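Small disclaimer: the values here were computed from a predicted structure and weren't measured. Residue indices begin at 1 and follow the sequence shown.
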Amino acid sequence: MMWTRSRLKEVAKTALHRNYWKIVLVSVILVLLGCETGGFSFNKTTYQYNENDSGREMRSGSLPSGKRSVVTVRKRADSDKVTVERKEDGALQSEDVEVSFFEGMFIGFVAVTIFLVIFSVVLAVILVIDIFLINPFSVGGKRFMVKSVEDVAQVREIAYGFDHSYKNVVKVMFHRELRVFLWSLLLIVPGIIKMYEYYMVPYILTENPDIEYKAALQLSRDMMDGNKWKTFVLGLSFILWDILGALTLGIAEVFYVQPYRSLTYAALYCQLRNTRVMNHVGIPVYGQNGVNGQYNANGQNGAGGYGNMNGQYGAGGYGNMNGQYGAGGYENGNGQYGGNGQYGTSESDNGQQW
């Protein structure tokens, strides 16, 4: 079944109206955590760098308690001296400091080393937070959106990545991000292609937290085969909404645009997943594979997995009388289409034994 942007957005709008405030709350949490697009930035200090005929000039300014303090460091082109000027509350203080070549090299080396050490530590902390905290929250957020598309979800779903196979969720998401990063080193375009190729990995984890990472990556590639460009265009279709969000200083983004976008992508996953199931392509399903018991009942495609364990092909009904495709009969009233995992231990269709 081919999907269209208009259909996905229609589904997203319906889901948003059905569970509005919970969806907005989860969306805000995800944005603040950095799991979704958006966020806030603050800049308290300004830095300027100017070069003119007299040499080089660097300034650092701040406005503490309404007072202005400016420190200016000038290096003249024809001198080894550095002029340090400090202006505070209208008073100007100036001092010439002579720095030799070797002293300058040493100071520069120390400054670069300190910068690299601080940068490495900060980067390591960010990576650890991203891998062990942000990614599981991202999976939980996407599970919330998927369940919101199919039904009414609860806010606690955002913790799903921590409660279900946490180590495997971390592992799979790490492999996904690592591959996208490595492909991005070649050029930007290959990285973007790989990002869309593995786009469905976190969604797959929302229903298959135990899935092996190679299987998750391959499944995402299969689902996105022929859909990468369409998904890219789907993202571009929100540009006008993003402009509206900017014009309203982020208010529209928080209360409508971001939840609407997240639900649309969740609807895309549901469509791609259901298309694969209807085409009888094996997919290990933990969560819902339909809405309110269609194709399955309690979020399972069989009581023990795909292919089932106890002879049931769902517990909520699929074209039968008593709501079971294995325990209550298939187009019959009393028989079974395989009672305990067997293909006919009772009656089916005509009351005869298979």
Fill in: Arg176 to Tyr198, cation-pi by 6.0 Å centre distance and 45° axis angle
no

Practice prompt. Would you kindly say whether Gln271 and Thr275 are connected by a side-chain donor-acceptor distance under 3.5 Å?
Written response: yes

Worksheet item: So, Tyr199 versus Tyr196, ring centres under 6.0 angstrom or not?
Response: yes

Worksheet entry | Val169 backbone acceptor or donor facing Asn135 side chain under 3.5 Å | no

Worksheet item: Under the 3.5 angstrom rule, does the side chain of Thr113 hit a backbone N or O of Phe109 as a donor-acceptor pair?
Response: yes

Practice prompt. Compute the ring centroids of Tyr203 and Tyr265, then answer whether they are less than 6.0 Å apart.
Written response: no

Fill in: Parallel, tilted or perpendicular: rings of Trp21 and Phe255 (30°, 60°)
perpendicular

Item to complete: Could you check if a side-chain atom of Glu253 sits within less than 4.5 angstrom of a side-chain atom of Thr248, using non-hydrogen atoms only?
Response: no

Worksheet item: Should Glu10 and Thr14 be marked as a side-chain hydrogen bond (donor to acceptor under 3.5 Å, both in side chains) after you check the CA-CA gap, both sets of side-chain angles, and the distance that decides it?
Response: CA-CA 6 Å; Glu10 180 184 341; Thr14 302; 5.6 Å; no

Practice prompt. Mind checking the CH2-CD1 spacing from Trp183 to Ile193? Nearest 0.5 Å is all I need.
Written response: 8.5 Å

Discussion item. According to a hydrophobic-cluster definition based on side-chain heavy atoms being under 4.5 Å apart (Ile, Leu, Val, Met, Phe, Trp, Tyr only), do Tyr20 and Val28 belong together?
Written reply: yes

Worksheet entry | Aromatic ring pairing Tyr256/Tyr260, orientation class (parallel under 30°, perpendicular over 60°, tilted between) | tilted

Worksheet, complete the sentence: Exactly one of Lys142, Arg143, Lys22 clears side chain to side chain donor-acceptor pair (under 3.5 Å) with Glu157, and that residue is Arg143

Discussion item. Nearest 0.5 angstrom please: Leu244 CG to Trp241 CH2, how far?
Written reply: 6.5 Å

